[in-house]
**Q** 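Pasting a structure here, questions to come.
Only heavy atoms go into these numbers, but all of them, side chains included; no hydrogens, no water, no symmetry mates. None of the values given here were measured: they were computed from a predicted structure. Below, chain A is the first sequence line, B the second, and so on; all start at residue 1.
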Number of protein chains: 2
Amino acid sequence: MLAKIYVTPKRGVLDPQGKAVAQALHALGFAEVGDVRIGKYIEVRLEGAAGEEAAGRVREMCEKLLANQVIEDFRFETVDDGGKRS
Amino acid sequence: MLAKIYVTPKRGVLDPQGKAVAQALHALGFAEVGDVRIGKYIEVRLEGAAGEEAAGRVREMCEKLLANQVIEDFRFETVDDGGKRS
């Protein structure tokens with residue numbers, strides 16, 4: 001099973017990396033670019049886990065390690081891909 | 001319009017950050033964790049752009065700045081969210 005986890009800066013939290021990328025895109029001529037926010041995309045392969053229990057474990061991983069909930073939000077989805085390697 | 005861009009390390013490219021996170025998850029007792037891959041999730045707001053043309057521009061942004069295509073893959077989707085702030 002594969003967990004796809006998205007960690008994003010909370011609304012209102014300053015995102016200097018996003019600001020830098022927005023400026024770089026403007027400098028490259030992409031004038032239509034407005035706000036840019038940069039987060040993390042994490043794929044975690046889970047061996048032998050499935051269903052509700054696996055989702056609970058992934059939530060726990062996010063809360064304990066993957067997201068800093070003071071400044072970041074997270075969401076995730078779990079995909080049963082038959083254990084193939086990503 | 002909002003572009004959601006996912007930049008991931010190419011298959012076969014070493015991902016030391018992912019390895020470190022996998023080890024940290026093991027240390028926290030998540031023994032079911034296998035491979036971990038860490039990429040970027042980027043939201044770019046586009047003012048006044050839409051449809052095929054906007055998608056082409058986003059592809060160009062990825063190729064020129066957001067992804068290093070030697071070691072990274074990218075994919076994206078565009079969402080018409082009525083211009084509301086994310």
**Q** Is the backbone of A:Thr8 close enough, under 3.5 Å, to the side chain of A:Arg75 for a donor and an acceptor to pair up by distance?
**A** no
**Q** Does the plane of the ring in A:Tyr41 sit parallel, tilted or perpendicular to the ring in A:Tyr6? Use 30° and 60° as the thresholds.
**A**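 Because their plane-to-plane angle lies in the 30° to 60° range, the rings of A:Tyr41 and A:Tyr6 count as tilted.
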**Q** Should B:Leu46 and B:Leu65 be regarded as members of a common hydrophobic cluster, given that ILVMFWY residues are connected when their side-chain heavy atoms come within less than 4.5 Å of each other, either directly or indirectly?
**A**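 As far as the 4.5 Å side-chain criterion goes, B:Leu65 and B:Leu46 are connected within one cluster.
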**Q** If we ignore hydrogens and angles and just use 3.5 Å, is the side chain of A:Asp15 paired with the main-chain N or O of A:Ile38 as donor and acceptor?
**A**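 Pair found, side chain donor or acceptor close to backbone of A:Ile38.
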**Q** Would a single hydrophobic cluster contain both A:Val44 and B:Leu28, if residues Ile, Leu, Val, Met, Phe, Trp and Tyr are joined by side-chain heavy-atom contacts under 4.5 Å?
**A**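 Yes, B:Leu28 connects to A:Val44 through the hydrophobic network.
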**Q** Pick whichever of A:Val7, A:Val21, A:Ile42, A:Ile5 has the most heavy-atom pairs under 4.5 Å with chain B.
**A** A:Ile42
**Q** Does any heavy atom of chain B fall under 4.5 Å from the side chain of A:Leu66, the backbone, both, or neither of them?
**A** side chain
**Q** In terms of side-chain geometry, is the basic nitrogen of A:Lys19 or A:Asp35 positioned less than 4.0 Å from the acidic oxygen of its partner?
**A** yes
**Q** Side-chain contact test, heavy atoms from C-beta onward, threshold under 4.5 Å: evaluate it for A:Arg45 versus B:Arg37 and give yes or no.
**A**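 No, side chains not in contact.
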**Q** Taking 4.5 Å as the heavy-atom cut-off, does anything in residues 51-61 of chain B contact chain A, and if so which residues?
**A**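 Only B:Arg57, B:Glu60, B:Met61 of residues 51-61 of chain B have a heavy atom under 4.5 Å from chain A.
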